[in-house]
Number of protein chains: 2
Amino acid sequence: MVKQTVGLKTLAAHLNVTVGTVSRALNGYSDISEATRLRVLRAADELGYRPNHAARRLSTGVAEAVAYVMPQYSSSISQPFVGQLLKGLGEAVAKRGWDLLVAHADSAKDELNHLDRLVRSGRVGGLVISRPAKNDPRIRLMRSLKCPFVVHGRTADCRDYAWYDVDGADAFHTAVDHLVTLGHGRIAFVGAPLQYQFAQDRLNGYRAALEQNGLRAVPEFVQITEFSDDGGELATNVLLDLDQPPSAIVCISDMVALGALAAIRARGLTPGRDISVIGYDGLKVGQHANPPLTTMAQPQVHAGRRLGDILLAIIDGGDPRDYQDLQKAHLLRRKTDGAFEQTT
Amino acid sequence: MVKQTVGLKTLAAHLNVTVGTVSRALNGYSDISEATRLRVLRAADELGYRPNHAARRLSTGVAEAVAYVMPQYSSSISQPFVGQLLKGLGEAVAKRGWDLLVAHADSAKDELNHLDRLVRSGRVGGLVISRPAKNDPRIRLMRSLKCPFVVHGRTADCRDYAWYDVDGADAFHTAVDHLVTLGHGRIAFVGAPLQYQFAQDRLNGYRAALEQNGLRAVPEFVQITEFSDDGGELATNVLLDLDQPPSAIVCISDMVALGALAAIRARGLTPGRDISVIGYDGLKVGQHANPPLTTMAQPQVHAGRRLGDILLAIIDGGDPRDYQDLQKAHLLRRKTDGAFEQTT
DNA sequence: TTGACGAGCGAAATCGGTTTCGGATATAGG
DNA sequence: CCTATATCCGAAACCGATTTCGCTCGTCAA
């Protein structure tokens with residue numbers, strides 16, 4: 001650590017006042033004459049005074065920092081949004097002069113320990129939890145610690161805390177509806193392990209849409225696989241090997257969908273003509289896929305900032321239940337959705 | 001901030017010793033009897049003692065935290081590697097129980113102010129600077145502050161500080177050599193603004209390779225454009241409009257290369273057959289491009305951890321000049337590089 | 001002229017640890 | 001048996017801010 005050069009003491013000596021006076025002048029107390037305040041402010045600026053963060057925290061008891069908890073098993077797909085999120089989060093907390101720190105997880109057990117330390121040692125005043133499991137232990141921990149937090153995503157029971165999420169059920173409902181409109185009746189779902197709530201939500205949306213459209217739910221049409229392009233490719237191959245393969249596939253993410261496209265092309269079929277595919281995320285790279293990927297795009301841009309604002313509001317004493325933000329995804333048509341053709 | 005429940009004082013009272021004794025027992029001093037140490041350790045564990053971070057920092061003077069400075073203009077392409085890097089960095093600092101915080105930049109000027117505060121207020125003991133400009137003010141600031149730092153990338157003069165970089169000049173040399181081997185003689189370069197050192201490095205490699213292969217440097221073949229897919233598309237269109245267009249293009253990044261592919265396909269040409277394209281980064285999504293993108297892949301996996309280890313070593317007093325790590329990229333052949341055909 | 005009052009500032013306690021110094025007890029040596 | 005030494009622990013200073021308390025002025029009304 002760089003040694004403190006100019007502290008309150010230096011300033012005070014320089015101005016012939018006490019440290020208490022300087023501190024009060026800097027923090028806008030009323031029992032300081034305007035003349036003194038100006039003298040102090042000017043000197044602080046000239047000497048480049050930076051209050052020692054640790055001392056202030058110790059004294060005031062506020063951490064002036066929040067943490068972002070990285071997704072547990074961060075596959076390559078989770079990376080793009082991490083950067084975006086951090087940027088937004090950083091902006092939100094920086095407005096208040098607070099710090100943003102990131103917590104990473106070695107294992108599930110280590111992570112809880114890490115978070116406990118982070119909170120109970122007073123390093124952070126709140127945190128953002130991404131991509132929760134159905135009954136996430138991290139959320140239970142934060143509740144028991146009475147530590148402010150906001151969840152990026154939701155769990156099964158999400159009534160009592162703050163969260164920001166995109167409505168996956170709605171999105172997959174929309175995707176299936178769209179495919180039905182195009183004439184598809186045999187629609188498959190390639191999903192991820194259901195321990196994650198978002199995986200369950202999207203599956204629910206798929207199923208609800210099938211039912212509402214009077215379509216039969218074919219058990220083999222629901223493939224749960226690894227959350228990656230390889231997983232998507234594997235699952236799609238299983239689907240295509242079926243006696244009566246689907247004519248359309250909705251995929252739980254764009255990355256999975258890219259794998260699906262690869263599997264389809266490998267058989268000499270053309271995505272969007274022979275088999276329709278719809279992804280989820282709205283990743284920019286999807287437009288460079290072969291062919292460009294139709295997807296359910298998210299209003300991802302402001303998620304980070306919104307999460308930060310929510311967290312700060314709760315730290316300020318806001319009721320978490322007042323901050324539950326459900327965004328809708330929208331259909332972004334590119335080239336992998338097409339009308340059903342009997343010829344298949 | 002969650003109020004401290006059990007502090008040193010609580011522990012001391014519970015054990016009928018003084019806080020000093022507890023502190024020394026916990027910190028492994030030798031003048032504590034083994035019996036007492038065990039009693040203290042056990043009690044600390046049972047009561048779930050977490051030392052107050054601010055107090056310890058104030059007392060010891062070490063920040064127990066480092067910061068990662070986000071790339072200045074983080075376009076979509078910069079995101080994937082941010083996540084990876086943070087993961088590795090987090091692991092490295094977590095081994096020591098330190099925190100990782102991220103600093104984001106509103107503007108260039110704000111950023112310097114922000115970094116100055118971060119360091120001089122004692123929040124961090126060192127930092128990682130990504131993607132420096134040729135003569136980066138952030139580096140100058142850190143030097144003047146005598147704050148330990150490591151650079152991810154290099155500047156023009158990089159002799160006196162620690163850095164980790166991938167050899168862009170070598171990579172583009174390799175790429176051009178490869179294309180020459182395939183019979184190409186008209187090779188273009190699509191790059192990014194030269195304010196960034198990495199952009200200059202890669203251009204240098206391209207030029208050196210041309211010269212070494214006895215190829216003429218065509219001025220119009222060097223296109224400097226925006227660091228994105230759109231930029232790549234624009235630049236490639238310019239190249240294709242030339243009276244004598246190139247038969248191969250090396251692109252400064254995979255994202256730019258994806259734009260190039262789009263431009264090529266838009267003219268009914270086939271990348272890899274009519275025109276070869278080589279990207280840089282080794283992004284996984286490149287394999288889902290149309291056609292799969294040949295690229296110079298980086299050993300990106302350990303960059304974060306390595307940067308973290310280097311930074312900690314310097315904070316421990318290591319000589320920065322002993323930590324200069326230049327990695328090599330390697331050619332990852334997919335489908336966009338092909339033999340030159342006269343027919344074009 | 002005096003007493004009350006308020007403005008402005010100094011002095012000191014406080015946050016929760018770390019670390020130095022010195023004292024008490026136990027052990028060893030003569 | 002008495003002193004020298006090592007062992008172990010208590011007491012207190014310290015890190016650099018914040019914040020409370022109270023003192024000292026100057027001002028004004030009685």
Side-chain angles (χ1 to χ4, degrees), chain A residues 1-41 43-44 47-65 97 117 119-123 125, chain B residues 1-41 43-44 47-65 97 117 119-123 125:
Chain A
M1 191 158 96
V2 176
K3 204 196 134 213
Q4 187 101 8
T5 50
V6 36
L8 223 40
K9 225 180 315 186
T10 319
L11 259 186
H14 186 257
L15 291 167
N16 275 325
V17 292
T18 60
V19 292
T21 304
V22 178
S23 173
R24 278 171 305 193
L26 256 26
N27 292 325
Y29 277 62
S30 59
D31 60 342
I32 294 286
S33 75
E34 202 55 29
T36 309
R37 180 191 314 287
L38 279 148
R39 277 209 315 144
V40 171
L41 251 32
L47 275 68
Y49 166 69
R50 303 287 188 183
N52 181 301
H53 190 232
R56 144 181 282 165
R57 271 173 51 182
L58 181 57
S59 179
T60 63
V62 330
E64 298 194 344
R117 273 222 334 259
V119 171
R120 302 246 315 278
S121 70
R123 283 199 246 260
Chain B
M1 190 159 95
V2 176
K3 203 197 133 211
Q4 187 103 8
T5 50
V6 36
L8 222 41
K9 227 183 305 187
T10 319
L11 258 185
H14 185 256
L15 291 167
N16 275 324
V17 293
T18 59
V19 292
T21 303
V22 178
S23 174
R24 278 172 305 192
L26 257 25
N27 292 325
Y29 276 61
S30 59
D31 61 344
I32 292 288
S33 75
E34 201 55 28
T36 309
R37 180 192 313 287
L38 258 60
R39 276 208 318 143
V40 171
L41 250 35
L47 276 66
Y49 167 68
R50 304 287 189 183
N52 181 300
H53 191 232
R56 142 181 283 164
R57 272 173 50 182
L58 180 55
S59 180
T60 62
V62 332
E64 298 193 345
R117 271 223 334 257
V119 171
R120 300 244 317 277
S121 71
R123 284 200 245 261

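Values reported hereafter were calculated over all heavy atoms of this structure, with side chains retained and with hydrogens, waters and symmetry mates removed.
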Point to revise | Residue pairs passing the side-chain hydrogen bond (donor to acceptor under 3.5 Å, both in side chains) test where at least one lies in residues 9-19 of chain B, sequence neighbours excluded | key: B:T18-B:T21
Check your understanding: Given side chains that start at C-beta, do those of B:R117 and B:R123 come closer than 4.5 Å, heavy atoms only?
Key -> yes
Review point. With a non-hydrogen cut-off below 4.0 angstrom, is A:T18 in contact with a base, only sugar-phosphate, or nothing?
Key: base
Check your understanding: What about B:R24, does its side chain sit under 3.5 Å from the base of C:dT20 through a donor-acceptor pair?
Key -> yes
**Study point:** Residue whose nearest DNA chain C nucleotide is more 5′ - A:G20 or A:L58
**Key:** A:G20
Point to revise | Separation of C:dG8 C1' from A:R39 CZ (nearest whole Å) | key: 13 Å
Practice item. Work out which heavy atom in A:N27 is nearest to a heavy atom in A:R56; give both atom names and the distance. Key: OD1-NH2, 4.0 Å
Check your understanding: What's the CG-C1' distance between A:D31 and D:dG22, to the nearest Å?
Key -> 12 Å
**Study point:** Shortest non-hydrogen separation from B:G122 to B:A63 and the atoms involved
**Key:** O-CB, 3.5 Å
Practice item. For B:Y49 and B:V22, run side chain to side chain contact (heavy atoms under 4.5 Å, CB included): C-alpha distance rounded to whole Å, both residues' side-chain angles, the deciding distance at 0.1 Å, then the answer. Key: CA-CA 11 Å; B:Y49 167 68; B:V22 178; 5.9 Å; no
**Study point:** Whole-Å gap separating P (C:dT18) and CG (B:L26)
**Key:** 8 Å
Practice item. Between C:dG16, D:dC8, D:dA17, spot the one nearest the side chain of A:P51, thanks. Key: D:dA17
Check your understanding: Counting just side-chain N and O atoms, does B:T21 come under 4.0 Å of either OP1 or OP2 of D:dC8?
Key -> no
**Study point:** Value in whole Å for how far the P atom of D:dC15 lies from NE2 of B:H53
**Key:** 19 Å
Review point. Atom CZ of B:R120 to atom P of D:dG16: distance rounded to whole Å?
Key: 14 Å
Check your understanding: Contact class for A:S23 (heavy atom, under 4.0 Å): base, sugar-phosphate, or nothing?
Key -> base
Review point. For the pair made of CD in A:E34 and P in C:dC9, what is the distance, rounded to whole Å?
Key: 11 Å
Exercise for review: Indicate whether OP1 or OP2 belonging to D:dT18 is found under 4.0 Å from a side-chain N or O atom of A:T60.
Suggested key: no
Point to revise | Side-chain N,O (A:S33) to OP1/OP2 (C:dC9) below 4.0 Å | key: yes
Point to revise | Nearest-nucleotide comparison on DNA chain D, the residue closer to the 5′ end among B:I32 and B:S59 | key: B:I32
Review point. Separation of B:L8 atom CG from D:dC9 atom P, in whole Å?
Key: 15 Å
Exercise for review: Could you state the atom-to-atom distance from OH of A:Y29 to P of D:dT19 in whole Å?
Suggested key: 4 Å
Check your understanding: Given D:dT18, is OP1 or OP2 found less than 4.0 Å from the side-chain N or O atoms of A:N27?
Key -> yes
